[in-house]
Structures are given as structure tokens and as C-alpha cells.
Amino acid sequence: MVSQLTTHIAPEEYLELERKAETRNEYLQGEVFAMTGASLRHNLITINIAAELKQQLKPTDCKVLVSDMRVGVPGAKLYTYPDVVVVCGEPQLEDAQFDTLLNPCLIIEVLSKSTAAYDQDIKFGYYRTIESLTEYLLVAQNQFHVTQHVKQPDGRWLLTDMRGLESRVELASVPCTLALREVYDRVSLD
């Protein structure tokens with residue numbers, strides 16, 4: 001889902017170009033990567049998660065945002081578009097354009113063959129530097145499987161795997177539970 005577009009531009013130049021672009025591009029350490037379309041499964045899973053979170057978070061001050069909300073990683077020179085993001089309280093935005101979130105508490109990525117390694121390793125490494133982030137979910141689209149990373153009080157991250165449609169993910173960052181049966185509603189693995 002990611003292909004390299006150009007190399008070595010400043011973050012400010014990226015933001016200026018991105019705000020005028022008709023397509024989304026991610027930025028990492030001076031390199032810009034074009035984002036391509038997502039599969040039917042990817043879209044179904046993303047909307048299922050966002051809908052479940054939105055419903056459960058209605059009585060709170062948390063907001064659920066989807067893949068068009070850019071997240072900036074302060075100090076890391078990373079701008080990315082996670083599949084689902086939750087921010088609680090007042091959103092901190094990078095500048096007066098109001099299009100780059102800096103304080104997510106939960107980030108969820110739906111994995112694809114082309115982005116799985118990047119999402120699991122490189123992105124997560126940068127995401128861990130976001131002070132407000134306390135939880136990161138990786139959701140498979142080729143099996144009923146969710147990997148949950150929860151930041152512990154000592155700064156370490158605890159990994160838990162949930163497999164099968166009967167499993168449930170008790171979120172630590174927000175008062176929600178994601179039943180895998182709902183995450184994968186209407187998703188065919190055939």
C-alpha cells in the first residue's frame with residue numbers, strides 16, 4: 001500500500017505539498033511515500049472498528065478519527081495516516097491548518113501484505129515516542145487476529161494476541177471492548 005514517491009525533502013515542504021495533493025502521502029525522515037487504495041477487507045475492518053469505538057465512546061470526551069487524519073510524531077520526522085485513531089480531551093494539532101494530530105491515545109493499523117512489516121516494526125518504533133499514546137492495535141485481514149500493545153507505567157510495552165471470532169480486546173486506553181466477531185463482521189477470509 002506504500003510506494004516511494006520522492007526523497008529527501010524537509011517536513012515543512014512535505015506539509016505544503018501534501019495539503020495541495022489529491023492523494024495521500026506519508027513522510028518518514030525526508031522520504032515521501034504514496035499511499036495506494038485499500039482492499040474491501042481492509043475497508044470493512046476499518047469501518048467496523050471505527051463504528052464500534054464511536055458507539056462505545058459516545059458518553060466520553062474521546063473522538064474517533066479514520067484514515068484521512070494525519071498524525072505527526074513530534075521530533076521523529078514522521079507524518080502518517082493510521083487507519084483508526086482515538087484522541088481524548090482536546091486534540092493537539094501541529095499548526096493553524098488543523099490537519100495534523102499530535103496527541104492520539106490509541107492508534108489502530110489494519111495490516112496488509114505490503115505494509116505489515118512497516119506497521120509492526122518501523123511505525124511502531126516511532127509511535128512509541130508519542131507521549132500521549134498508550135495503546136497500539138495491529139489487526140490482520142487474512143485471519144481473525146488482533147495484536148494489542150499496551151504501554152505500561154514503567155514505559156515498557158506489553159503485547160497480547162487475540163485469535164478467533166470468540167475473542168475480545170479489552171482496550172486499556174479507552175473504556176471500550178472490541179469483540180473480534182464485530183471487528184470482522186461481513187469480512188470473508190476466502
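We're numbering straight along the sequence, starting at 1.
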Asker: Do Asp83 and Val66 make a side-chain contact, defined as non-hydrogen atoms from C-beta onward lying under 4.5 Å apart?
Answerer: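 With C-beta onward as the side chain, the pair stays apart.
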
Asker: Just by modelled atom types, is the Glu170 backbone N or O under 3.5 Å from a matching donor or acceptor in the Gln148 side chain?
Answerer: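 Side chain of Gln148 to backbone of Glu170, a donor-acceptor pair under 3.5 Å: yes, one is there.
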
Asker: Let me confirm one number: the SG-CD distance from Cys176 to Glu52, rounded to the nearest 0.5 Å.
Answerer: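 The distance works out to 9.0 Å.
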
Asker: What pairs of residues pass the salt bridge (Lys or Arg N to Asp or Glu O under 4.0 Å) test when at least one of them lies in residues 142-164, not counting sequence neighbours?
Answerer: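 Residue pairs passing salt bridge (Lys or Arg N to Asp or Glu O under 4.0 Å), neighbours aside: Asp154-Arg156.
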
Asker: Which pairs count as disulfide bond (SG atoms under 2.5 Å apart) when at least one residue sits in residues 80-110, sequence neighbours excluded?
Answerer: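 Output for this query lists Cys62-Cys88.
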
Asker: Same cluster or not: are Leu165 and Ile47 linked, directly or through other Ile, Leu, Val, Met, Phe, Trp or Tyr residues, by side-chain heavy atoms under 4.5 angstrom apart?
Answerer: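 No, because Leu165 and Ile47 fall into different hydrophobic clusters, even though each may have its own neighbours under 4.5 Å.
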
Asker: With side chains defined as the heavy atoms from C-beta onward, is the minimum distance between Asp185 and Arg181 less than 4.5 Å?
Answerer: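 Sidechains of Arg181 and Asp185: no contact.
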
Asker: Show the nearest heavy-atom pair for residues Leu171 and Leu106, with the distance to one decimal.
Answerer: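 Nearest heavy atoms, Leu171 then Leu106: CD1-CD2, 4.1 Å.
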
Asker: Is it the case that the ring center of Trp157 lies less than 6.0 angstrom away from the ring center of Tyr136?
Answerer: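 Ring-ring flag for Tyr136/Trp157: false, centres at least 6.0 Å apart.
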
Asker: Yes or no on side chain to side chain contact (heavy atoms under 4.5 Å, CB included) for Arg168 and Met162, after CA distance, side-chain angles and deciding distance?
Answerer: CA-CA 7 Å; Arg168 301 171 69 78; Met162 276 65 66; over 6 Å; no

Asker: Work out which heavy atom in Asn43 is nearest to a heavy atom in Ala38; give both atom names and the distance.
Answerer: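 Closest approach of Asn43 to Ala38: ND2-O, 3.4 Å.
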
Asker: Test side chain to side chain contact (heavy atoms under 4.5 Å, CB included) on Ile9 and Val32 and set out the steps.
Answerer: CA-CA 8 Å; Ile9 64 173; Val32 178; 3.5 Å; yes

Asker: Once you round to the nearest 0.5 Å, how far does CD1 of Ile107 lie from OG1 of Thr80?
Answerer: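 With rounding to 0.5 Å, CD1 (Ile107) is 8.0 Å from OG1 (Thr80).
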
Asker: Going by atom types only, do Ser39 and Gln141 share a side-chain donor-acceptor pair under 3.5 Å?
Answerer: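 Yes, a side-chain donor-acceptor pair sits under 3.5 Å.
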
Asker: Test of understanding: with side-chain hydrogen bond (donor to acceptor under 3.5 Å, both in side chains), list the residues that count as partners of Ser173, not counting sequence neighbours.
Answerer: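 Result, side-chain hydrogen bond (donor to acceptor under 3.5 Å, both in side chains) vs Ser173: Glu135.
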
Asker: Applying the 4.5 Å side-chain criterion to the ILVMFWY set and letting contacts propagate, would Phe124 and Tyr118 be lumped into a single cluster?
Answerer: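 Yes, because Phe124 and Tyr118 connect within a single hydrophobic cluster, where side-chain heavy atoms sit under 4.5 Å apart.
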
Asker: Do Leu189 and Leu40 land in one hydrophobic cluster if side-chain heavy atoms of ILVMFWY residues count as linked below 4.5 Å?
Answerer: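 Same hydrophobic cluster.
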
Asker: Under 4.5 Å between side-chain heavy atoms, hopping through other hydrophobics if needed: is there a path connecting Leu158 to Leu138?
Answerer: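 Unlinked, Leu158 and Leu138 end up in two clusters.
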
Asker: Does the side chain of Thr160 reach to within under 4.5 Å of the side chain of Val150, using non-hydrogen atoms?
Answerer: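 Contact flag for Thr160/Val150 side chains = no.
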
Asker: Looking only at heavy atoms, which two atoms of Leu44 and Arg186 are closest? And how far apart?
Answerer: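 Of all heavy-atom pairs spanning Leu44 and Arg186, the closest is CD1-O, 3.4 Å.
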
Asker: Atom OG1 in Thr177, atom CD in Glu182: separation rounded to 0.5 Å?
Answerer: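 One gets 12.0 Å once the value is rounded to the nearest 0.5 Å.
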
Asker: Where do Val174 and Thr60 land on the side chain to side chain contact (heavy atoms under 4.5 Å, CB included) test, with the steps shown first?
Answerer: CA-CA 9 Å; Val174 292; Thr60 74; over 6 Å; no

Asker: To the closest 0.5 Å, what do you measure between CG (Asn48) and CG (Leu53)?
Answerer: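 Separation between the atoms: 11.0 Å.
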
Asker: Mind jotting down which residue pairs meet the salt bridge (Lys or Arg N to Asp or Glu O under 4.0 Å) criterion with at least one end in residues 97-115? Sequence neighbours excluded, please.
Answerer: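 Sorted result for residues 97-115: Arg19-Asp99, Arg70-Asp99, Glu109-Lys123.
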
Asker: Please tell me if the side chains of Leu65 and Val87 come closer than 4.5 Å, counting only heavy atoms from C-beta onward.
Answerer: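 Side chain of Leu65 against side chain of Val87, heavy atoms only: contact under 4.5 Å found.
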
Asker: Take a 6.0 Å sphere around CD of Gln143 and say whether it holds more than 12 heavy atoms from other residues, nucleotides or ligands.
Answerer: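 Result for CD/Gln143: enclosed.
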
Asker: Does any part of the side chain of Leu137, heavy atoms only, come nearer than 4.5 Å to the side chain of Ile49, both counted from C-beta?
Answerer: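 Not in contact.
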
Asker: Can you tell me which residue pairs pass the salt bridge (Lys or Arg N to Asp or Glu O under 4.0 Å) test with a partner in residues 56-68, sequence neighbours excluded?
Answerer: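 Salt bridge (Lys or Arg N to Asp or Glu O under 4.0 Å) check on residues 56-68 returns Arg24-Asp68.
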
Asker: Tell me the closest heavy-atom pair linking Val139 and Ile108, and the distance in Å.
Answerer: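 That closest heavy-atom pairing would be CG2-CG2, 3.8 Å.
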
Asker: Would you say Leu180 and Val169 make side-chain contact, with heavy atoms under 4.5 Å?
Answerer: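 Leu180 vs Val169: side chains touch.
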
Asker: Measuring from Asn103:CG to Gln92:CD, what's the distance to the nearest 0.5 Å?
Answerer: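 Asn103 CG to Gln92 CD: 4.0 Å, rounded to 0.5 Å.
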
Asker: Leu101 and Pro91: which non-hydrogen atoms are nearest, and at how many Å?
Answerer: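 For Leu101 and Pro91, the tightest heavy-atom pair comes out as CD1-CB, 3.9 Å.
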
Asker: Can you tell if the side chain of Arg128 reaches within under 4.5 Å of the side chain of Ile130, non-hydrogen atoms only?
Answerer: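 Sidechains of Ile130 and Arg128: no contact.
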
Asker: Determine the minimum heavy-atom distance between Val71 and Pro104, stating which atoms define it.
Answerer: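 Distance-wise, the nearest heavy atoms are CG1-CG, 4.2 Å.
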
Asker: Within this structure, what is the CG-OH distance for the pair Leu78 and Tyr126, rounded to the nearest 0.5 Å?
Answerer: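 Leu78 CG to Tyr126 OH: 7.0 Å, rounded to 0.5 Å.
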
Asker: Is there a side-chain contact between Leu93 and Leu102 (heavy atoms, below 4.5 Å)?
Answerer: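 Of all side-chain heavy-atom pairs linking Leu102 with Leu93, none is under 4.5 Å.
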
Asker: Determine yes or no for a side-chain-to-main-chain donor-acceptor pair under 3.5 angstrom, with His42 supplying the side chain and Val110 the backbone.
Answerer: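 Yes, His42 side chain to Val110 backbone: donor-acceptor pair under 3.5 Å.
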
Asker: Would you list the pairs meeting ring-ring contact (aromatic ring centres under 6.0 Å, His included) in which at least one residue belongs to residues 161-190, sequence neighbours left out?
Answerer: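 Listed by first then second residue: Phe144-Tyr184.
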
